[in-house]
Amino acid sequence: MKILKAFFVLTALLLIMGGAGAQDTVRKCTKNDIKITLLSLGSGSTRITYERAFTPIYSAELTVGAIGWGWDWVHHLKSQGVLVKAAFKWRVIPQKNSPSWLGGFYLKPELIATFFKYQDKAKLLDEQAEMLRTRQYALLGECGYQLVLRWFLFDAYAGMGLGFGTGNQYNYYHGFMHMPQSTPLAFTAGFRIGVAF
């Protein structure tokens, strides 16, 4: 009887140890990421994106931005406000040999809404100058490539579409620009780095 108990205990221990070893060799499939848009920091805003993959092909991402959190080296307009971006992504060519559902070449439609106030450059020294207001929207078709290396993620993208709203003097909306300025044609491009988990 003691030999039978010892056999069961030994078998159970081997199964537990073997299962733990097998789990170590299988890499976790990452389906989420958090990214920051680096170029936005130099244009006066901070944008953070959360992405969730539902399948190896489809995912959705939401970007929230604080306009005024950053260094506006380009325009110096003392902007303040918010932006929101929402997109649905199709990975048309997934990243090869990746344990992540997030990597690869993708296409996405993206909806952008920005609401902010800014100061006229000609009146920057005038403390009493009234802040001008912008409310702008865009629907863009974008393509890009997202590279996932274990936990590190690099995402580069570009796209075009239509934008509309109140406009502003400097044709910059913290997510897109009109090109040419007098038309509704909108353009975006940039890159993000982040963490996949």
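The basis for the numbers below is simple: all heavy atoms, side chains too, and nothing from hydrogens, waters or symmetry mates. What you see is a predicted model; the values in this text were computed from it and never measured.
A distance of 10.5 Å separates OG1 in Thr166 from CZ in Arg133, rounded to the nearest 0.5 Å. Here the OG1-NE2 distance, from Thr134 to His174, works out to 8.5 Å after rounding to the nearest 0.5 Å. Here Leu62 contributes atom CG and Thr49 contributes atom OG1; the two are 8.0 Å apart, rounded to the nearest 0.5 Å.
Annotation: ring-ring contact (aromatic ring centres under 6.0 Å, His included) contacts involving residues 129-148, sequence neighbours excluded, comprise Phe115-Tyr137, Tyr137-Phe164.
Looking at Met179 and Met160, their side chains never come closer than 4.5 Å, going by heavy atoms from C-beta outward. Annotation: side chain of Ile112 is in contact with side chain of Lys85 (closest heavy-atom distance under 4.5 Å). Side chains of Tyr170 and Asp120 form a contact here, defined as non-hydrogen atoms less than 4.5 Å apart. Inter-residue side-chain proximity for Leu132 and Asn168 is flagged as unmet; no heavy-atom pair is nearer than 4.5 Å. You'll find the side chain of Trp151 stays beyond 4.5 Å of the side chain of Thr30, heavy atoms only. Looking only at side-chain heavy atoms (C-beta outward), Lys35 and Leu153 come within less than 4.5 Å of each other.
Taking the side chain to side chain donor-acceptor pair (under 3.5 Å) definition, one finds that Tyr106 meets it with Asp155, sequence neighbours left out. For Gln181, the side chain to side chain contact (heavy atoms under 4.5 Å, CB included) criterion is met by Asn171, not counting sequence neighbours. Qualifying side chain to side chain contact (heavy atoms under 4.5 Å, CB included) partners for Ser182, counting only residues two or more places apart in sequence or in other chains: none. Legend: residues meeting side chain to side chain contact (heavy atoms under 4.5 Å, CB included) with Trp69, ordered by chain and number and at least two apart, are Thr46, Ala66. Residues passing the side chain to side chain donor-acceptor pair (under 3.5 Å) test with Arg52, sequence neighbours excluded: Asn32.
Listed for the Thr114 side chain is no donor-acceptor partner under 3.5 Å among the backbone atoms of Leu83.
Contact record, Ser79 with Ile67: CB-CG2, 3.6 Å, taken as the closest heavy-atom pair.
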Derivation and outcome, side-chain contact (heavy atoms from CB on, under 4.5 Å), residues Ser59 and Arg91: CA-CA 8 Å; Ser59 65; Arg91 244 165 309 287; 3.2 Å; yes
